[in-house]
Amino acid sequence: FSLLNHISGYPHGSSGHFQVMPFSGKYDNQKKLGSTFQHANEIAKPGYYAVLLDDYSINAEMTATEHAAIFRFNFLKDNSNGIILHGIDDVKIESNGKLTGKCRGYYFVIEVNNPAIKIQINEGEVVVQLDANVKGVLLKIGFSLTNVEKAVNNLNTEIPAGEFDQVMLAARETWSNVLNKVIVEGDNEIDKELFYTALYHTYLTPQIISDSGQPKRYAELSPWDTYKCKQPLITLLDRDMQSNMLKSVLEQYKQNGVMNPGAMTGVHNVPILADSYFKGIDFDINVAYEAMTASLLKAPYGRRDIKSFF
């Protein structure tokens, strides 16, 4: 299970980073770790996922908030059980028993509600070994791009008591409010399922990168995939969200001096800004004009033949 950059597409693929895997029995190495499962024993809903891991007889459940995640693992065998955390760096065991560290630029904090009998820190991974008598465990993880203290605050703010079911129900309500922005009528249930699945995917990215309690700021929009359809849709369904996305784009421009197109050709934030302007979305149009001009006319991304357009 991955928690960061779990995106189906460029540049990460769908495997993601900050990988979490429970196991039963002896741990040898991460490359051998994995389990078969059956789709009949799998539940996938907005804000909740559960699966029975056949190889280990472990029931794994997970849900999330904007800045944190919580897992519930139930171990069905009387073995020495544990959890592997892979792809993480600079891991420390704090005096309160929590783990802190970094992953792909994110700071994190990890809490386990059952005391571990052994925590083994290897290069790029941590093995949390649990007592054989432990049948169930909650694993909480908070993230922040700012520092560890903010990661702790994000976790404590959004999952204060560690109650899995409460977090799951709150996530369900959040997604219900989002998906109910559009009501599809008719009797074709397959079409409804397709529509709401697509709408769900529309809201998966970009990721929120600001901390809890701060104005929402987002990661880069990946606009070459979204400027024709997704962003115009968001202007209709969630004007505040679109406004915060554009403010994020312009703040990134102020930091970098251009709106970075990444590996793609063209600067696709330009039509997004123009479309939002004509629809009355709130953002600083003076900064937007400055950003559009710099990104279209100046090196390294500006057109070399720009003079031919005048």
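Annotation for K98: atom NZ counts as buried by contact number, over 12 foreign heavy atoms lying within 6.0 Å. Counting heavy atoms of neighbouring residues, nucleotides and ligands inside a 6.0 Å radius, atom NZ of K181 exceeds 12 of them. Atom CD of E94 is surrounded by more than 12 heavy atoms from other residues, nucleotides or ligands within 6.0 Å.
Note: H268 and W224 have perpendicular aromatic rings, judged against thresholds of 30 and 60 degrees for the angle between ring planes. Between F1 and F71, the angle of the ring planes lies from 30° to 60°, which puts this pair in the tilted group.
One N or O on the side chain of D238 and one on the backbone of M241 form a donor-acceptor pair closer than 3.5 Å. When atom types are taken as modelled, the side chain of Y218 and the backbone of V249 share no donor-acceptor pair closer than 3.5 angstrom. A donor-acceptor contact shorter than 3.5 Å links the side chain of S144 to the backbone of T146. Under the 3.5 Å distance criterion, the side-chain polar atoms of S243 are left unmatched by any main-chain donor or acceptor of R239. Using a distance-only test at 3.5 Å, with no hydrogens or angles considered, no donor-acceptor pair links the side chain of N154 to the main chain of G142. When atom types are taken as modelled, the side chain of T36 and the backbone of D54 share no donor-acceptor pair closer than 3.5 angstrom. Checking side-chain atoms of N244 against main-chain N and O of D240 turns up a donor-acceptor pair under 3.5 Å. A donor-acceptor pair is defined here as one N or O able to donate and one able to accept, closer than 3.5 Å; no such pair exists between the side chain of E111 and the backbone of L155. No donor-acceptor distance shorter than 3.5 angstrom exists from the side chain of H86 to the backbone of V126, with no hydrogens or angles considered. Using modelled atom types, no side-chain atom of S176 and backbone atom of E173 make a donor-acceptor pair closer than 3.5 Å.
Between the CG atom of N59 and the CD1 atom of I43 there is a distance of 8.0 Å, given to the nearest 0.5 Å. Atoms CG and OG1, from N147 and T100 in turn, are 11.0 Å apart once rounded to the nearest 0.5 Å. Going from atom CG of L138 over to atom CD1 of I159 covers 10.0 Å, rounded to the nearest 0.5 Å. Atom-to-atom distance recorded for N113:CG and L139:CG is 9.0 Å, nearest 0.5 angstrom. Of the inter-residue distances, the one linking D211 atom CG with F143 atom CZ reads 13.0 Å to the nearest 0.5 angstrom. A distance of 7.0 Å separates CG in L99 from CG in L85, rounded to the nearest 0.5 Å.
Heavy atoms only, all atoms of each residue included: L179 and Y196 are closest at O-CE2, 3.3 Å. Nearest heavy-atom pair across N114 and L130 is O-CD2, 4.4 Å. Listed here is the closest heavy atom pair of V134 and F75: O-CD1, 3.9 Å. The two residues A64 and A171 make their nearest non-hydrogen contact at O-CB, 3.6 Å. When all heavy atoms are compared, the tightest approach of E185 to K192 is C-CE, 4.2 Å. Across every non-hydrogen atom of P206 and A219, the tightest pair is CB-O, 3.6 Å.
Under the 3.5 Å distance criterion, with hydrogens and angles disregarded, a donor-acceptor pair is assigned to the side chains of T235 and K279. A donor and an acceptor atom, one from each side chain of N41 and Q38, are nowhere located under 3.5 Å apart. E149 and Y107 are not linked by any side-chain donor-acceptor pair at a separation below 3.5 angstrom, with hydrogens and angles left out of the test. Q231 and Q242 share a donor-acceptor pair across their side chains, judged by distance under 3.5 Å alone. Y48 and E61 share a donor-acceptor pair across their side chains, judged by distance under 3.5 Å alone.
Between R172 and L169 there is a side-chain heavy-atom pair separated by less than 4.5 Å. Two residues are said to be in side-chain contact when any heavy atoms from C-beta on lie closer than 4.5 Å; E158 and S212 meet this criterion. Inter-residue side-chain proximity for P22 and L53 is flagged as met; some heavy-atom pair is nearer than 4.5 Å. Looking only at side-chain heavy atoms (C-beta outward), E290 and Y253 come within less than 4.5 Å of each other. Looking only at side-chain heavy atoms (C-beta outward), Q252 and E220 come within less than 4.5 Å of each other. By the 4.5 Å heavy-atom criterion applied to side chains, T174 and N177 are not counted as neighbours. Residues V184 and D191 have side chains not in contact (no heavy-atom distance under 4.5 Å, counting atoms from C-beta outward). Using a 4.5 Å cut-off on side-chain heavy atoms (C-beta onward), M259 and V270 make contact.
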Run I88 and F18 through side chain to side chain contact (heavy atoms under 4.5 Å, CB included) and show every step you take.
CA-CA 6 Å; I88 56 180; F18 199 108; 3.4 Å; yes

What verdict does the side chain to side chain contact (heavy atoms under 4.5 Å, CB included) test give for S80 and Q129, after you've listed the backbone C-alpha separation in whole Å, the side-chain angles of each residue and the deciding distance to 0.1 Å?
CA-CA 7 Å; S80 177; Q129 199 74 49; 2.8 Å; yes

Determine, step by step, whether I83 and V137 satisfy the side chain to side chain contact (heavy atoms under 4.5 Å, CB included) criterion, reporting the C-alpha distance in whole Å, the side-chain angles of both residues, the deciding distance to 0.1 Å, and the verdict.
CA-CA 10 Å; I83 303 168; V137 65; 4.1 Å; yes

For the pair T63 and D165, evaluate side chain to side chain contact (heavy atoms under 4.5 Å, CB included) and give the outcome as yes or no after the intermediate values.
CA-CA 9 Å; T63 187; D165 291 335; over 6 Å; no

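A continuous path of Ile, Leu, Val, Met, Phe, Trp and Tyr side chains, each step under 4.5 Å between heavy atoms, connects L204 with V178, placing both in one hydrophobic cluster. A continuous path of ILVMFWY side-chain contacts below 4.5 Å connects Y227 to L237, so both sit in one hydrophobic cluster. No chain of hydrophobic side-chain contacts below 4.5 Å, direct or via other Ile, Leu, Val, Met, Phe, Trp or Tyr residues, connects V182 to L236. Under a hydrophobic-cluster definition in which Ile, Leu, Val, Met, Phe, Trp and Tyr are linked whenever side-chain heavy atoms come within less than 4.5 Å, directly or via other members, Y289 and Y277 are assigned to different clusters. In the hydrophobic clustering of ILVMFWY residues, with side-chain heavy atoms under 4.5 Å counting as a link, L52 and F23 come out apart.
Applying the salt bridge (Lys or Arg N to Asp or Glu O under 4.0 Å) test to pairs two or more places apart or on separate chains, those with a residue in residues 245-255 are R217-E251, K247-D282.
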